[in-house]
Participant: 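A single structure is presented below for examination.
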Amino acid sequence: KNEVEQSPQNLTAQEGEFITINCSYSVGISALHWLQQHPGGGIVSLFMLSSGKKKHGRLIATINIQEKHSSLHITASHPRDSAVYICAVLSYNTDKLIFGTGTRLQVFP
Amino acid sequence: GAVVSQHPSWVICKSGTSVKIECRSLDFQATTMFWYRQFPKQSLMLMATSNEGSKATYEQGVEKDKFLINHASLTLSTLTVTSAHPEDSSFYICSARTGLAGGLRYQETQYFGPGTRLLVL
């Protein structure tokens with residue numbers, strides 16, 4: 001079993017839909033990152049969370065430390081949101097990032 | 001936000017040659033830099049961790065003589081793929097960690113470079 005699990009693996013949506021991507025982890029963490037990787041390959045850091053909730057534009061990220069779970073929400077999705085979204089946790093023990101396998105999102109007009 | 005650059009973004013080379021990839025933090029000093037490798041449709045794999053002025057720490061299975069890392073300053077780290085072979089063809093991504101000196105780990109954050117795609121013929 002992977003230490004960081006994401007669901008779903010693939011997601012398609014119509015423009016305007018509300019999207020949720022989930023991340024569960026099994027290790028002790030210092031922080032959790034949500035990353036976005038476009039087809040060209042470059043990675044953008046969307047959020048870093050250690051507790052609670054953060055919002056940036058149409059993106060919202062939440063984390064529940066007790067349940068070892070985080071969600072990334074996209075409101076009013078748009079085709080330009082199409083990308084791979086990666087959850088990565090900073091392991092408290094090793095001080096290294098552990099990556100989920102990513103969620104491939106496609107938003108159609 | 002903080003920016004990390006990589007150069008070159010694309011490189012094609014012949015088998016047996018060496019390739020150097022630069023990673024720079026443009027508007028902050030990075031306490032630590034990381035080098036990752038990513039194969040198609042797979043997640044990032046940590047290759048090594050480097051701190052300025054000290055030797056890099058390599059992950060198990062990564063050949064330190066093949067992947068030379070030099071962390072010359074707080075804003076520059078280089079990865080040299082020596083005697084490259086076709087199996088070294090991959091997407092290489094660097095990342096830089098920043099934070100408050102003496103601060104708590106959760107106050108630091110990590111920024112990623114745009115990646116370098118290496119094709120060895």
Side-chain angles (χ1 to χ4, degrees), chain A residues 1-7 9-10 21 23 25 27-52 54 56-57 59 61 63 65 70 83-106, chain B residues 1-11 21 23 25 28 31-51 56-60 62 89-99 103-119:
Chain A
K1 191 177 188 294
N2 292 334
E3 292 170 307
V4 181
E5 297 269 2
Q6 282 185 241
S7 64
Q9 287 188 324
N10 294 284
I21 300 170
C23 175
Y25 54 91
V27 296
I29 71 169
S30 305
L32 182 145
H33 292 254
W34 279 103
L35 310 170
Q36 180 192 56
Q37 186 171 31
H38 277 284
I43 289 180
V44 174
S45 182
L46 299 175
F47 294 104
M48 188 191 74
L49 295 163
S50 54
S51 65
K54 284 190 177 180
H56 186 257
L59 302 177
I63 187 169
I65 297 293
S70 176
V84 175
Y85 291 84
I86 302 168
C87 170
V89 300
L90 182 58
S91 166
Y92 184 82
N93 284 339
T94 67
D95 197 31
K96 293 173 185 172
L97 284 177
I98 305 171
F99 295 87
T101 52
T103 295
R104 189 171 299 272
L105 170 66
Q106 285 187 295
Chain B
V3 177
V4 175
S5 71
Q6 274 184 249
H7 178 79
S9 55
W10 255 103
V11 58
I21 303 169
C23 175
S25 56
F28 65 98
T31 53
T32 306
M33 286 186 169
F34 305 88
W35 287 96
Y36 297 91
R37 185 173 180 176
Q38 187 181 36
F39 291 105
K41 300 201 182 220
Q42 291 190 25
S43 194
L44 281 73
M45 182 192 80
L46 180 64
M47 299 174 66
T49 302
S50 77
N51 294 291
T57 303
Y58 290 81
E59 295 299 298
Q60 195 171 13
V62 178
S89 298
S90 190
F91 191 56
Y92 292 88
I93 302 169
C94 78
S95 178
R97 180 181 285 176
T98 182
L104 297 173
R105 187 57 78 203
Y106 70 81
Q107 292 177 322
E108 299 182 337
T109 194
Q110 205 164 316
Y111 298 96
F112 291 83
T116 296
R117 199 164 294 282
L118 170 64
L119 177 61

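Keep in mind it's a predicted model, so treat the numbers as computed, not measured. Residue numbers begin at 1 in each chain, while the letters A, B, ... track the order of the sequences.
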Participant: Tell me, side chain or backbone of B/Gln42 under 4.5 Å from chain A's heavy atoms, or both, or neither?
Facilitator: neither

Participant: Does a sphere of radius 6.0 Å around NE2 in B/His7 hold more than 12 heavy atoms from other residues, nucleotides or ligands, not counting ones at 6.0 Å or beyond?
Facilitator: no

Participant: More than 12 heavy atoms of other residues, nucleotides or ligands under 6.0 Å from CZ of B/Phe39: is that the case?
Facilitator: yes

Participant: Do A/Met48 and B/Gln110 have side-chain heavy atoms sitting under 4.5 Å apart?
Facilitator: no

Participant: Could you state the interatomic distance from OG1 (B/Thr57) to NZ (A/Lys96), rounded to the nearest 0.5 Å?
Facilitator: 7.5 Å

Participant: Under the salt bridge (Lys or Arg N to Asp or Glu O under 4.0 Å) rule, collect the residues that match up with A/Lys54, sequence neighbours excluded.
Facilitator: none

Participant: Do A/Thr101 and B/Lys41 have side chains that get closer than 4.5 Å, going by heavy atoms?
Facilitator: no

Participant: Chain A heavy atoms under 4.5 Å from B/Leu44: which part of the residue, side chain, backbone, both or neither?
Facilitator: both

Participant: Under the side-chain contact (heavy atoms from CB on, under 4.5 Å) test, which residues partner B/Ser89, sequence neighbours left out?
Facilitator: B/Leu119, B/Val120

Participant: Taking A/Ile43 as the fixed residue, which of B/Phe112, B/Tyr111, B/Tyr36 is the one that meets the side-chain contact (heavy atoms from CB on, under 4.5 Å) rule?
Facilitator: B/Phe112

Participant: Side chain, backbone, both or neither: which part of A/Ile29 has a non-hydrogen atom closer than 4.5 Å to chain B?
Facilitator: neither

Participant: Roughly how far, to the nearest 0.5 Å, is CD of A/Gln37 from OG of B/Ser43?
Facilitator: 8.5 Å

